[in-house]
Amino acid sequence: MIRKLAPHIIQNIAAGELVERPASVLKELIENSIDAEASQIKVEHEGGGIRLLRVSDNGHGIPADELELVFESHATSKIQFVEDLHKIRTMGFRGEAMGSIASVARVELWTSTPQSDTGSRAEIQFGKWMGKKPADRREGTEIVVRDLFEKLPARRKFLKSEASEARQLYQVFKRYALVYPEKQWSFFESSNRKIQLGPSTFMERCLWYFGESDPKYFFEAEGEYGPWRVQYMGRQPRYLQASRRGLLLFLNRRPIKDRSLEFAVRRAFEGFAENPQDVMGALFIEGSPEIFDVNVHPSKTEVRFQDASSLFSAIVHGIRSQLSKLHLPSFKSVSLSTSQENPKSELEPTFQQKISFSISSPNISSSNLEKLPLHAQSLNENFESQFEYLGSVQNTFWLAKRDESLFLFDQHALHERILYEQLMKEFKEKERLASQRLLFPIQLPLDEFESLLEMEDLLESFGFEIRQWDSSRLRISAVPAILKREYREALTAIAECEIQSRESFLRESLARIACHSALRAHDPVKREQAQTILGQFSSNDALGHCPHGRPTFIRFDFNELEKFFHRS
Ligand code: ADP
Ligand code: MG
C-alpha cells in the first residue's frame, strides 16, 4: 500500500542528508551566524559536539514572532522568488538546516533583535515544539544543540569517537575562520583547547590555518579573468612537502569541493614544483552567482559551473603568472638598467597580458620570453651568450659571470631545464621526438611496466618502441635519441606519471626524459661543453628552476657582494 509519509518522517529523511555528524551541525550554525552578519562567532562543545554544541553570535537576531518558523522546513528569510536562486549571496537559502537539526536533537535558542527591548527563548526537542517565552535581552543569537541522535541509535552508531568528532568540529571552525578573517572567532573545548582570534588579514589567517610561522615560505597570486576573480595563497613550490599537503577551495567565501578545480591548481604548479600533488594553500574564487549553481546538494559544497573551462584557465594562469615571477631574478636588473620608460610594465607583463598569451601556449616559461614586446626581446638577446664559464667544484656546481653578477649553477638542474625546453620545442613542432634504435634491445617485466602499453602511441611519438615480447616481458627496441642511458629508469619514471590529461602527461614525461638524459652531479664536463650549455641556457630560459621546480642557479649581484664584504 502506498502511503504519504508523515511530516516528521519526511523531516527525518531530509535530516539524514544534511545532518551527518556534529561537524555538519556546526557548519550550518556557523553559516547562519555569518548570514546574520555577525562580527563575533563563538563555538563551544562537549564530547565532540554529541553531548553539547553551542554557537553564539552578535548578529541581527530573529524577531520573536518568527521563532516557530525557524524550525519549519523550507522556511527561510534569505530568498523569496525563484529568480533569487540565481543570485544567492548568502550561505543558506534552502531553509532546511534548523528544522533538520531540531528533528534529531534537543535545541535551545536565545535571540534578540536590535529593535526589541526583550529577548526570547525557544525550545524544540526531537522535532517537538516545546514553546517560547521572553528572556533576557542579549546581543544576537545563541543556539545550543544537545544529545544529537539520542533517539536514533542507528545513526549514533556511525559517529566516531568523541575525540575524532571534536577534531572534525575544529576543522570546520578553522575553515570558516580562514575565509572570514575580518571576524572575531573563538573555539572552546570543555577539556583543553581554547582559541581566540581577533580580526586579521587573509594572509595572516592563512598562515595560522596552515600552522606556518614564517611568511617567507608563502606567496600570493591574484588576478581577474573574464567573469572570475581568483586569489591563491599558499606555500611556494620549492617548499612543498608531501607531509604537509592540503588544498582548500572557496567560492564567494563558501567552502566547496571540486576535483577539477583542485586539478587546475595542481596544473598551475606543473613545471614549478617537484610534485604538484603536494600543494598546500587556499584558493579563493569570486564570481557573480548567476554563472554557477550551488543548489546541487543540501550541503551546498558541490557546484555546477556554466563555463567551467573559463574558470579552470583563470586559476591556472592566475597562479602561474605569479609563480613565474617568483623565479625572475635576472629580469629585474635588466629592466632597471636599460629600459627607460615604464620599465616595469614592459618587462613584467600584467596579469591580463600574461593570460592572453599564455593560453595559446601552455608552457608559460618559454612563452614568456617569446611573447614579450620586441623591445624587451632584443634586450634579452643583448645579454645572451654573455655567461662566461669560470670553473666548477666537484664537477657539480659551476661558477659563471655575466655583466655585474656571479652565478652559481647546479649542472644537473641546468642541463635538465635546457633539454626539457628543447624536447618541448621539438615535440610541438614535429609532434614527435627523434628516435634511436638500440643495438641490444632491453627487456622489462610486464607486471611492473604494463601501464606503458596503455600509452603506447604517445610513447612511440617520444621515440620509444615498446612491444609485448611474451607473457611476462616487454621489449624496448628504440628510445628517444636524446636518452643515452638509464632507459629503464626513465621508463619507470614515466610509468609513474599520473595521466590526468594528455597535456600534463606530455609535460611530465618529457620532464622525466630530460632528467634522465641530463648530466648528473659529478659527471666531468669540459670547459667548452660547459660554455656551450650556458649559451643555450640564456637563449632558452629565464626561469631559475628545473622542470621539477628545483632551483638551477643562485645569483650574486655586484652590490650584494659589496655589501657582503662591507664595502658599501
Ligand atoms: P537557511 O539558512 O537556509 O535560511 P536555516 O534552517 O538554516 O535556513 O535557518 C532558517 C532561518 O532561521 C534563517 O533563514 C534565518 O532567518 C534564521 N536564523 C537561523 N539562525 C540564525 C542566526 N544565528 N541569526 C539570525 N537568524 C537566524
Ligand atoms: Mg542556514
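In each ligand, atom 1 is the first atom listed, and ligand 1 is the first ligand listed. Hydrogens, waters and symmetry mates are skipped; everything else that's a heavy atom, side chains included, is used. Along the sequence shown, the residues carry numbers beginning at 1.
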Is the closest side-chain donor-acceptor distance between [X] and [Y] under 3.5 Å?
X: Lys27; Y: Asn32; answer: no
X: Ser33; Y: Asp35; answer: no
X: Gln322; Y: Glu220; answer: no

Which residue and heavy atom of the protein sit nearest [atom], plus the separation:
atom: atom 9 (O) of ligand 1; value: Met98 CG, 3.4 Å
atom: atom 8 (O) of ligand 1; value: Gly95 CA, 3.1 Å
atom: atom 23 (N) of ligand 1; value: Asp57 OD2, 2.9 Å
atom: atom 26 (N) of ligand 1; value: Ile62 CG1, 3.3 Å
atom: atom 19 (C) of ligand 1; value: Asn32 ND2, 3.5 Å
atom: atom 2 (O) of ligand 1; value: Lys78 NZ, 2.7 Å

Heavy atom under 4.0 Å from ligand 1: found in [X]'s side chain, backbone, both, or neither?
X: Glu96; answer: backbone
X: Ala75; answer: backbone
X: Thr76; answer: both
X: Ala36; answer: side chain

Would [X] count as being in polar contact with ligand 1, using the rule that some N or O on each side must be under 3.5 angstrom apart?
X: Ile143; result: no
X: Arg94; result: yes
X: Ser77; result: yes

Could you tell me if [X] sits above the aromatic ring of [Y], with its cationic atom closer than 6.0 Å to the ring centre and no more than 45 degrees from the axis?
X: Lys174; Y: Tyr209; answer: yes
X: Arg235; Y: Tyr217; answer: yes
X: Arg253; Y: Tyr180; answer: yes

If the cut-off is 4.0 Å to any non-hydrogen atom of Phe93, which atoms of ligand 1 fall inside it?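 Within the 4.0 Å cut-off of Phe93, ligand 1 contributes 1 (P), 3 (O).
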Going by the order shown, which atoms of ligand 1 are within less than 4.0 Å of some heavy atom of Gly92?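 In order of number, 2 (O), 3 (O).
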Would you say the rings of Tyr232 and Phe284 are close, in the sense that their centroids are separated by under 6.0 Å?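 Between Phe284 and Tyr232, the centre distance exceeds or equals 6.0 Å.
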Between Phe188 and His45, ring centroids under 6.0 Å: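 Between His45 and Phe188, which both carry aromatic rings, the centre distance is not below 6.0 Å.
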Please name the pair of heavy atoms, one in Ala135 and one in Trp110, separated by the smallest distance, quoted to 0.1 Å.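 Distance-wise, the nearest heavy atoms are CB-CD1, 4.2 Å.
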Among protein atoms, how many N/O/S atoms lie less than 2.8 Å from the Mg ion (ligand 2)?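 There are 1 of them.
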Under 3.5 Å, is there a donor-acceptor pair between the side chain of Arg244 and the main chain of Met280?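 It does not hold such a pair.
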Between Trp228 and Phe305, what is the ring plane arrangement, given parallel below 30°, perpendicular above 60°, and tilted in between?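 It falls in the perpendicular class, over 60°.
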Kindly assign one of parallel, tilted or perpendicular to the pair Tyr170 and Trp208, based on the angle between their ring planes and the thresholds 30° and 60°.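 The rings of Tyr170 and Trp208 stand perpendicular, inter-plane angle above 60°.
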Would you mind checking if Arg167 and Glu165 are paired as a salt bridge, meaning a charged N to carboxylate O distance below 4.0 Å?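 Judged by the 4.0 Å cut-off on N to carboxylate O distance, Glu165 and Arg167 do not form a salt bridge.
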